[in-house]
Each structure stands twice: as structure tokens, then as C-alpha cells.
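Accompanying notes for the structure given below.
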Amino acid sequence: MKKFNRFFDEFLKKEPLFLNKEVLQSFYTPDDISHRDSQIKEVANVLAPALRMESPSNLFIYGKTGSGKTLVTRYVTSLMKKTAEKNKINLKVFYLNCKLKKVADTEYRLMAQLAKEFGKAVPSTGLPTDEVYTIFYEALDSQEQLFILILDEIDQLVKKAGDDILYNLTRINAELKKSKLSIIGISNDLVFVDSLDPRVKSSLSEEEVLFPPYNALQIQDILKKRSTKAFKKNTVAAGVIEKCSAYAAREHGDARRALELMRVAGELAERQCLEKIEIKHIDEAEEKIERDRVLDITLNQPKQFQVVLYAIVLLSEKRRNIFTGEIYEIYKKICSEIKLRPLTQRRVSDMLAELDMMGIINAKIISKGRYGRTREITLSIAQSTIPKIKEVLDKSFGLK
DNA sequence: AGGTATTCACATGAAACTATTCTCTGAGTTAGG
DNA sequence: TAACTCAGAGAATAGTTTCATGTGAATACCTGT
């Protein structure tokens, strides 16, 4: 124990590299947003009528992840809110991320959130959905006001709950007497609108704004600006920012990812008690982010899911390409070992599809002609994290 | 040889079922007047 | 009679199961040369 005595003293003595870590976090909103001027202008143009108490058109915003959609939207609306306050305009803006589990990923929960925004608490279950609708509707129409609803990752909502919700929401506007509602939908699925019901499509996307990905130079610029705020002077080695933006640009210009890389790299360097962030930290950071993501997913999945993954890990130790049937066999064996009732192959098949979606495995449907059709599966995690995953899974169901 | 027809081993889809959590309602019960 | 209790009906949701149907191409099977 003695050797830890001075741990915290040492810790305090260490020079932190960070000046302000928040700057690199995803929810941070800088005062000036670079390289998105035209988008800001477009969004502002569409929404501006709200300040004259005219209902603005519904707006649909799309672009890849990390292209600044959410950032710009929040920025513009917060400016509007300020102006509205000054001029005593009753304007409400409500931001909702539809992807958040247990918050707004179903019709019911979405409406419940909205109702809650108006101070009407709605239980998490037990009520019929249309009643929640009525509650929201009445709360909204109880006074004269403009309500701007921002639905982030709206594609997730539609995928899970269908587009009826959107239809209902756009229609609600026609029934409102005193207030007005307009919807801003944000999606990173570029072809999402086309899959919508034509009626919904036409009313939701009266206006559209496209956010192109940042290019490598723009990302570099953003990184530079932010890292001067985030880190102390002379703590970032030459070439680090370039490398970082190159990484991010490779992935369709995802600025969020670049910032995260920077932050994690900084944390790593700090933990190693170094005075500078070196290029190698970027590589380490990338690995760490990936590993954390995979481990996080693994741990938060239900047991059955973990068993399936375990079976895949075991099998892929022997061979590179494995098939659904083999996985299912192994899976059943493990289940009986740990006394778990195995699920049907149908379900396991879905799980494999999900693992594929999450990027943990790589599944390709191939036809082996006479010998059937199946998924050809490879593990798509870095070699270095495989043992870790195995270890975690071993522990999780007390095997070996 | 060239052209169909089969067939495998799953994939994919839809509907229905299970279990859990929660509300609301109304019948029955209780306590006080 | 008003207030209270409590069981039962009904909802939402996640996770499955059941049943049904789809599918790409390596083989098997013909067919006429």
C-alpha cells in the first residue's frame, strides 16, 4: 500500500496538458462555426419567419455524421431564441435526439417527451398513445406560440416506429388554432427521405439543406482552432493535427471523430506524463476508441447476445471465414454448458445481422450453390482487442 | 456441349406470443357522521 | 356517504417464437448432336 501513498500528490504535481477539455467534446458549441457559413444562412433563412410569428416551413437537414448538422441547428435556434426573448415573441425550441434509447425512440415516448416539455408529466407506460397525443396537443394549443421541434437522427425513429408519427405531427399543425408547429428533421441517411410516404415527404421536406462533409483542410482548420483552446501552448507536436485530420478525412470528413481522436490522444499523453502529444498517440487513441466501443457494446448486450459473440470469437480463432450454421452449433453447445436455453436459429440470424450493423463482425451473404446460402462471417475487430473481449466474455458467464 | 431443373441452407418477413411494467376503473370495504 | 383498497382490464415495449416464403448458383438431369 505504501507505494500508493503519494499517488495523488504526484497526480497533482503533474502538469496537465489540457487547458479546457470541454472544447473537444461533442456537445461543445463554439462561438463561431467555421466553414458552414452558407448552411447557417440557409437554415436561418428558412426559420426566420418565426420571429414574425409566421410559421416557418418544415425543414429537412441531411449530411453525413460529423458534418455539423446538429451544431448548426442548435446554434441558429439558440440565436433565434435570444432574439425572440428580446422582442417578447413566444417561441419555443425543443431538441430531441430520436436515437436515445428509452427516451424518444418510439411514437409513444416521443409524444411523452413533448408533453413533458410542456410540464405535463406522462407515465412511461399504461396510457393509450392517442391520449398522450391529446395531452400534447392541448398543452401546445393552450396559448399562442410557435413551437420548433428538432428531431435529430429522425431516420432512426422512422426505422423503428414507422412514418405515421411524422404524418400525425405534420397534420397536427392543421388542427392547431392558436399555436404553430414546425419540424426540423435531421438525418445522416442521405436517401432517407425517399423511403418516406409521399405525403409525409412533401410536408416534412418543404425546405432542404444539405451538409457536405468537411474536407481535410477544413478539418485541419477546425482542429487547430479548437486545440489552441483546449491544450496549453506547445503541447501538440508538429504533424499531429495533420495526421488527425487525415484520419478523419479518410472517413468522409467526420469532424466529431477528429475531435474525439484529439481528445483521447491528449488523455493518453497526459496519463503517460508526457509534455507533448505525439503522432503515435493518435494511433493509440484510435485503437483505444475502437476497443472501448466494442467492449461497451459487448457488455451492454443481453447474455444470449454475448454467447453468440463468444461462439464467433472461438470459431474465428481456427478459421477466417465462418458460416451461420457453424456458429449456431457452437452457440447451442455453449448454451447447454452454461445452462442457458438456446434461442432459435431465426433469432441468432437476426443477432448476426445486428452485429454486422454495429461493425463488430463483417457478414456477407453468399451462395454456395448446391450447398445453400448463408452468411460468410469474419470478425472485424482489431487483433489486439480480441483477447480482451474473450476475457470479458469469459468472466461474464463464469467459464474457464 | 448446352440448357433446364433441383436443391441446399439459410435469409427475410410477418404475425403472434410472453413477460414485465405501468395506469385506470370500478367494485367492495372501511370509518366516521 | 365519502374515502380508501385492491383486483382486473388494458397499454407499451422488448425479446422471442412460429410459420411462410424467398433466393443464388453449384450440381443433377436431359436433350439433341
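The sequence lines fix the lettering, A, B, ..., with proteins before strands; numbering per chain opens at 1. Model, not experiment: these values are computed from the prediction.
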Looking at the side chain of A:S124, which of B:dC22, B:dA11, C:dA11 is the nearest nucleotide? B:dC22
Are there more than 12 heavy atoms of other residues, nucleotides or ligands under 6.0 Å from atom NZ of A:K225? yes
Can you tell which of A:T65, A:D152, A:N97 makes a side chain to side chain donor-acceptor pair (under 3.5 Å) with A:T70? A:D152
Check whether any side-chain nitrogen or oxygen of A:T125 sits under 4.0 Å from OP1 or OP2 of C:dA11, and answer yes or no. no
Find the distance A:Y328:OH to B:dA11:C1' and express it as a whole number of Å. 15 Å
Over 60° means perpendicular and under 30° means parallel, so classify the ring planes of A:H35 and A:Y214, tilted if in between. perpendicular
Centroid separation under 6.0 Å, is that true for the rings of A:F18 and A:F231? yes
Whole-Å gap separating P (B:dA11) and CD1 (A:I365): 7 Å
Under the side chain to side chain contact (heavy atoms under 4.5 Å, CB included) rule, what do A:E131 and A:V122 come out as? Steps first, then yes or no, please. CA-CA 10 Å; A:E131 202 161 323; A:V122 172; over 6 Å; no
For A:T324 and B:dA11, is the shortest distance between a side-chain N/O and OP1 or OP2 below 4.0 Å? yes
Here the pair of heavy atoms bringing A:S245 nearest to A:Q220 is OG-CG, 3.1 Å
What's the angle between the local helix axes at either end of the helix from B:dA1-C:dT31 to B:dA31-C:dT1, using five pairs per end and rounding to 10 degrees? 20°
Within the structure provided, determine whether A:V209 and A:K69 are in side-chain contact (heavy-atom separation under 4.5 Å). no
At under 4.0 Å between heavy atoms, what does A:K160 touch on the DNA or RNA strands: base, sugar-phosphate, or nothing? sugar-phosphate
CG of A:D356 versus P of B:dA11: gap in Å, rounded? 12 Å
Using atom names, set out every protein N or O paired with an N or O of nucleotides 3-6 of chain B below 3.5 Å, distance rounded to 0.1 Å.
none

For A:N300 and C:dA14, give me the distance from atom CG to atom C1', rounded to whole Å. 16 Å
In terms of heavy-atom contacts, A:L169 and A:L181 come closest through O-CD2, 3.7 Å
Of A:L127 and A:G325, the one whose closest DNA chain B nucleotide lies more 5': A:G325
For A:D105 and A:K101, indicate whether the former's side chain and the latter's backbone hold a donor-acceptor pair under 3.5 Å. no
Distance in angstrom units between A:I377 CD1 and B:dC10 C1', rounded: 11 Å
Residues, nucleotides or ligands: over 12 heavy atoms within 6.0 Å of A:K276 NZ: yes
Assess, by modelled atom type and distance only, whether the side chains of A:D197 and A:Y167 contain a donor and an acceptor separated by less than 3.5 Å. no
When rounded to whole Å, the CD1 to C1' distance for the pair A:I165 and C:dA12 reads 13 Å
In terms of side-chain heavy atoms of A:S367, which of C:dA14, C:dT16, C:dA25 is nearest? C:dA25
Euclidean distance, atom CZ of residue A:R109 to atom C1' of B:dT21 [Å, nearest integer]: 12 Å
Answer yes or no: does atom NZ of A:K116 have more than 12 heavy-atom neighbours from other residues, nucleotides or ligands under 6.0 Å? no
Check nucleotides 17-20 of chain C against the protein and report each pair of N or O atoms closer than 3.5 Å, with its distance, or say if there are none.
residue: C:dT17; atom: OP2; partner: A:T344; partner atom: N; Å: 3.1
residue: C:dT17; atom: OP2; partner: A:T344; partner atom: OG1; Å: 2.6

Length of the line joining A:E354:CD and C:dT16:C1', which is rounded to integer Å: 12 Å
